[in-house]
Amino acid sequence: MRIILFGPPGSGKGTQGDLVEKRYGFPKISTGDLLRQAVQDQTPLGRKAEEIMNQGRLVSDDLVEELVQERIKSPDCRRGYLLDGFPRNLAQAQSLERMNGGRAEIAVEIDIDMTTLVRRLESRRVCSSCGTIYNLLVQSLGKKGRCDICGGPLYQRKDDNPEVIKERFRVYREQTEKLRGFYKAKDVYRQIEGSGPVEEVFSRLSAVLDAELAELGENKALG
Ligand code: AP5
């Protein structure tokens, strides 16, 4: 199964994607993470993407599509995968149809109010070593601002500042919200409420996925 997780910046796609990977075994493919890795490694793609990401705009479709196309060829994606942050507009959604088409899919939108989103983004920290996502408002930062899991140093994303956050929301409203109509027309659209503790949101998401997997005849007791 292909799970498309979308929602505004800070809605919890990355956090929930990690939990889905752990429980259901569908690898999380985050285009944001892949691009940040390319920037960190200063690959040709990373050098092209860096400036655009720091401004909160979208990296060009062909670059991102190539990243996804390559990633979903890996053997771990054979049974299915979860896309976090892709597609981001209608052109990318159409391109995804051409990749690995015919696969059962579900598109889940995480719905949440703006005030909560801004608060979450401004208090996000990420482990530079293992990628674990933290929120300063709900988690203590353990050993002096280092990751509780691997001890790596935590950092604040460059695009998590008020000006860039505003631009990311504008881009979301202008381009990504159109996915709602696209997936509704395919009859694969679902929506979950994204507020409340992480575990509460995950149980809403799991209920949707379990129902879908049951319909596909897959084993619910994975992981
Ligand atoms: P990307 O990394 O995808 O950023 P985004 O969509 O803006 O989403 P975020 O990662 O900011 O938020 P999230 O929903 O994953 O929330 P998270 O779980 O971290 O993209 C970054 C950039 O890359 C784009 O701007 C663009 O330039 C480029 N890009 C990426 N994909 C692209 C594409 N397809 N095409 C073109 N360009 C692309 O949670 C946020 C915070 O809230 C964390 O601190 C977390 O701990 C906390 N939190 C989460 N859930 C809860 C909860 N229930 N309660 C309390 N705190 C919570």
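Atoms within a ligand are numbered from 1 in the order they appear, just like the ligands themselves. In what follows, every heavy atom counts, from backbone to side chain, and hydrogens, waters and symmetry copies are set aside.
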query: Is the backbone of Q42 close enough, under 3.5 Å, to the side chain of R47 for a donor and an acceptor to pair up by distance?
result: yes
message: Need the ligand 1 atom indices (1-based, order shown) with element for anything under 4.0 Å from a heavy-atom of K13.
response: 5 (P), 6 (O), 8 (O), 12 (O), 13 (P), 14 (O), 15 (O), 16 (O), 18 (O)
message: Quick one about Q37 and D41 (side-chain donor to acceptor, distance below 3.5 Å, no hydrogens or angles considered), yes or no?
response: yes
- request: Please state whether G196 comes within less than 4.0 angstrom of ligand 1, counting heavy atoms only.
  value: yes
field: ligand 1 contact by Q55, heavy-atom criterion under 4.0 angstrom
entry: no
- request: Classify the contact between P197 and ligand 1 as side chain, backbone, both or neither, using a heavy-atom distance cut-off of under 4.0 Å.
  value: backbone
- prompt: Hey, is the main chain of N135 close enough, under 3.5 Å, to the side chain of S123 for a donor-acceptor pair?
  reply: no
- prompt: Sub-3.5 Å donor-acceptor pair from the side chain of Q175 to the main-chain atoms of Y172, do we have one?
  reply: no
- line: Residue, atom and distance of the protein heavy atom nearest atom 49 (C) of ligand 1 read T15 OG1, 3.5 Å
message: For E193, is there any backbone N or O sitting under 3.5 Å from a side-chain donor or acceptor partner on R204?
response: yes
field: Mode of D159 contact toward ligand 1 - side chain, backbone, both, neither (heavy atoms, under 4.0 Å)
entry: side chain
field: Non-hydrogen atom of E200 closer than 4.0 Å to ligand 1
entry: no
- line: Under 4.0 Å between heavy atoms, the region of Y172 that gets near ligand 1 turns out to be neither
- request: Pull out every atom of ligand 1 sitting under 4.0 Å from any heavy atom of L35, numbered as shown with elements.
  value: 23 (O), 28 (C), 29 (N), 30 (C), 38 (C)
- prompt: What is the nearest protein non-hydrogen atom to atom 22 (C) of ligand 1, stated with its residue, atom name and distance?
  reply: M53 CE, 3.9 Å
message: Is the shortest side-chain heavy-atom distance between F202 and V20 below 4.5 Å?
response: yes
- prompt: What is the closest protein heavy atom to atom 31 (N) of ligand 1, and at what distance does it sit?
  reply: T31 OG1, 2.8 Å
Numbered atoms and elements of ligand 1 in range of R36, under 4.0 angstrom, heavy atoms: 2 (O), 21 (C)
- line: When distances are taken from atom 50 (N) of ligand 1, the protein heavy atom at minimum range is R120 NH1, 3.5 Å
query: Can you list the steps and then say if Y24 with L82 is a side chain to side chain contact (heavy atoms under 4.5 Å, CB included)?
result: CA-CA 10 Å; Y24 296 88; L82 176 142; over 6 Å; no
Heavy-atom donor-acceptor pair, S195 side chain to I112 backbone, under 3.5 Å: no
message: Counting only nitrogen or oxygen atoms and a 3.5 angstrom limit, does V59 reach ligand 1?
response: yes
message: Under 3.5 Å between any N/O of P9 and any N/O of ligand 1: does that happen in this structure?
response: no
message: Test of understanding: given a 4.0 Å heavy-atom threshold, classify the contact between V64 and ligand 1 as side chain, backbone, both, or neither.
response: side chain
- prompt: Of K166, R168, R125, R120, which is the lone residue that meets salt bridge (Lys or Arg N to Asp or Glu O under 4.0 Å) with D160?
  reply: R168
task: Decide whether an N or O pair under 3.5 Å exists between F86 and ligand 1.
output: no
Test: E70 and K73 ion pair at under 4.0 Å: yes
task: Mark up the atoms of ligand 1 that fall under 4.0 Å of a heavy atom belonging to G14, in ascending order.
output: 13 (P), 15 (O), 18 (O)
- request: Check the pair F86 / L96 against side chain to side chain contact (heavy atoms under 4.5 Å, CB included), numbers first and verdict last.
  value: CA-CA 9 Å; F86 184 90; L96 180 62; 4.0 Å; yes
query: So, R71 and D76, do they make that salt bridge, N to O below 4.0 Å?
result: yes
message: List ligand 1 atoms under 4.0 Å from Q92, heavy atoms only on the residue side.
response: 33 (C), 34 (N), 35 (N), 36 (C)
query: K28 side chain to D84 main-chain N or O, any donor-acceptor pair under 3.5 Å?
result: no
- request: Sort and list the pairs that fulfil salt bridge (Lys or Arg N to Asp or Glu O under 4.0 Å) and have at least one residue in residues 104-119, not counting sequence neighbours.
  value: R2-E105, E105-K186, E109-R180
message: Can you report which non-hydrogen protein atom sits closest to atom 27 (O) of ligand 1, along with the distance?
response: R57 O, 2.5 Å
- request: Just need the protein heavy atom nearest to atom 56 (N) of ligand 1, so name the residue and atom and give the distance.
  value: N135 ND2, 3.0 Å
message: Checking a contact table here: which protein heavy atom is nearest atom 3 (O) of ligand 1, and how many Å away?
response: R88 NH1, 3.1 Å
- prompt: For G46, does its backbone N or O pair with a side-chain atom of T43 as donor and acceptor, under 3.5 Å?
  reply: yes
message: Just to confirm my output: which protein heavy-atom neighbour is closest to atom 9 (P) of ligand 1, and how far is it?
response: R124 NH1, 3.3 Å
- prompt: Does S11 come within less than 4.0 angstrom of ligand 1, counting non-hydrogen atoms of the residue?
  reply: yes
- request: Say whether D160, considering both its backbone and side-chain N or O atoms, lies within less than 3.5 Å of an N or O atom on ligand 1.
  value: no
message: Please determine whether any non-hydrogen atom of L121 lies less than 4.0 Å from an atom of ligand 1.
response: yes
